[in-house]
Amino acid sequence: MKNEKLKKFTSLLLEWNRIHNLTGAKTEREVEANIEDSLYPCEFIDTPNSILDVGTGAGFPGMILAIAYPETKVVLCEPRNKRASFLKFVTIELELDNVTVVKKRVEEYYSEQPFELITSRAVTNTKMLLSLTKHLQDDATRFLFYKGEQVFNELEAVDSSLNYDIIEKNQRNYLYIKG
């Protein structure tokens, strides 16, 4: 079932991308590489009950994690109209009852409950992400940030008491901050 949904997601993204330029991934193989990148942390994170994905863009990693974790409540926070519209369309087409798309900047979004996991890929630096989501987290919230080589410099500017791991694969650094 998950594979079918991932294939349909790929097809929808390529179709929409031709018109709306949602992502730099223009071929099936490039989209699949982004899906693999999004899914890789499932090998080392605990399954969360709730996920907030900051700046979801074309769906990486939030939409892919929502497909991987169908029992997890997932909020995709994306301020740009065409990307939020695409995410809403995919949510309906793939019948993802666990997904809510919020067309807002994360600092303007409020939730009654803190999230168990906050994710982000290519949005801003680690310190800013932690600050922008302060009102959506508690002491148990974990973070999964998909980073490049700058992650090491970014961590120098963050509280040194953070409990984190950096898992490296290819050109990606997965920063996993545990609550």
Side-chain angles (χ1 to χ4, degrees), residues 2 5-6 9 34-81 83-92 94-148 150-151 154-155 157-167 172-179:
K2 287 178 193 167
K5 289 190 180 200
L6 291 172
F9 170 82
N34 279 288
I35 290 171
E36 290 166 14
D37 177 51
S38 297
L39 289 175
Y40 178 68
C42 296
E43 294 184 22
F44 59 82
I45 66 170
D46 297 323
T47 303
N49 289 317
S50 62
I51 297 173
L52 168 66
D53 188 41
V54 179
T56 304
F60 307 115
M63 184 66 77
I64 306 307
L65 293 173
I67 293 168
Y69 297 122
E71 302 303 314
T72 298
K73 174 189 159 206
V74 179
V75 173
L76 307 177
C77 201
E78 173 53 53
R80 289 165 288 191
N81 275 326
R83 292 178 179 168
S85 295
F86 169 73
L87 296 170
K88 287 178 183 178
F89 180 77
V90 169
T91 299
I92 293 165
L94 300 185
E95 299 175 351
L96 298 173
D97 299 332
N98 61 326
V99 174
T100 303
V101 178
V102 174
K103 197 195 90 45
K104 290 184 176 184
R105 297 176 61 85
V106 71
E107 59 268 33
E108 298 165 356
Y109 171 66
Y110 290 90
S111 171
E112 291 181 21
Q113 298 292 321
F115 287 88
E116 271 192 31
L117 181 68
I118 297 176
T119 62
S120 185
R121 185 177 102 161
V123 173
T124 188
N125 68 61
T126 301
K127 185 174 184 177
M128 181 67 80
L129 281 168
L130 294 172
S131 175
L132 289 173
T133 59
K134 202 80 167 150
H135 62 291
L136 299 165
Q137 55 184 271
D138 65 12
D139 291 341
T141 299
R142 294 169 283 136
F143 302 87
L144 175 62
F145 298 150
Y146 295 64
K147 295 291 193 174
Q150 287 302 313
V151 69
E154 290 178 17
L155 287 170
V158 179
D159 180 359
S160 62
S161 68
L162 281 181
N163 178 14
Y164 67 86
D165 287 323
I166 297 174
I167 295 87
R172 172 74 67 211
N173 291 299
Y174 301 91
L175 175 61
Y176 187 43
I177 303 171
K178 301 163 196 154

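For reference, positions follow the sequence shown, starting with 1.
Using a 4.5 Å heavy-atom cutoff, the side chains of Val106 and Leu136 are in contact. Residues Asn173 and Ile167 are not in side-chain contact: their nearest non-hydrogen atoms beyond the backbone lie 4.5 Å or more apart. Taking 4.5 Å as the limit, every side-chain heavy atom of Tyr174 sits out of range of all side-chain heavy atoms of Ile166. Residues Leu132 and Val54 form no side-chain contact, since every pair of their non-hydrogen atoms from C-beta on lies 4.5 Å or further apart. Using a 4.5 Å heavy-atom cutoff, the side chains of Glu116 and Thr141 are not in contact. Using a 4.5 Å heavy-atom cutoff, the side chains of Asp53 and Pro61 are in contact. Looking at Tyr40 and Ile35, their side chains never come closer than 4.5 Å, going by heavy atoms from C-beta outward. For the pair Thr91 and Val101, the minimum side-chain heavy-atom distance is below 4.5 Å.
Around the OH atom of Tyr164, the shell of radius 6.0 Å holds no more than 12 heavy atoms that belong to other residues, nucleotides or ligands. Within a 6.0 Å radius of NZ in Lys127, no more than 12 heavy atoms belonging to other residues, nucleotides or ligands are found. Open room surrounds CD on Glu71; 12 or fewer heavy atoms of other groups in view lie less than 6.0 Å from it.
Looking at Glu108, its side chain never comes within 3.5 Å of a backbone N or O of Lys104 through a donor-acceptor pair. Side-chain N or O atoms of His135 include one that pairs as donor or acceptor with a backbone N or O of Tyr109 at under 3.5 Å. Using modelled atom types, one side-chain atom of Asn98 and one backbone atom of Ala66 make a donor-acceptor pair closer than 3.5 Å.
In this structure, OG1 on Thr100 lies 8.0 Å from CG on Leu76, to the nearest 0.5 angstrom.
Taking the six-membered ring wherever Trp is involved, the centroid distance between the rings of Tyr176 and Phe143 does not fall below 6.0 Å. Aromatic ring centres of Phe60 and Phe9: separated by under 6.0 Å.
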*Using the side-chain hydrogen bond (donor to acceptor under 3.5 Å, both in side chains) rule, take Arg142 and Asn163 through it: C-alpha gap first, then chi angles, then the decisive distance, then the call.*
CA-CA 10 Å; Arg142 294 169 283 136; Asn163 178 14; over 6 Å; no
*For the pair Cys42 and Thr47, evaluate side chain to side chain contact (heavy atoms under 4.5 Å, CB included) and give the outcome as yes or no after the intermediate values.*
CA-CA 8 Å; Cys42 296; Thr47 303; over 6 Å; no
_Using the rule given for side chain to side chain contact (heavy atoms under 4.5 Å, CB included), can you reason through Leu130 versus Leu162, listing the C-alpha separation, both sets of side-chain angles and the distance that settles it, and then say yes or no?_
CA-CA 11 Å; Leu130 294 172; Leu162 281 181; 4.1 Å; yes
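The two residues Leu39 and Ala68 make their nearest non-hydrogen contact at CD2-CB, 3.6 Å. Of all the heavy atoms in Leu65 and Ser38, the pair that sits closest is CD2-O, 3.6 Å.
Take Thr72 and apply the side-chain hydrogen bond (donor to acceptor under 3.5 Å, both in side chains) test, not counting sequence neighbours, and it matches no residue.
With respect to the salt-bridge test (charged N to carboxylate O, under 4.0 angstrom), the residues Glu78 and Lys103 do not qualify.
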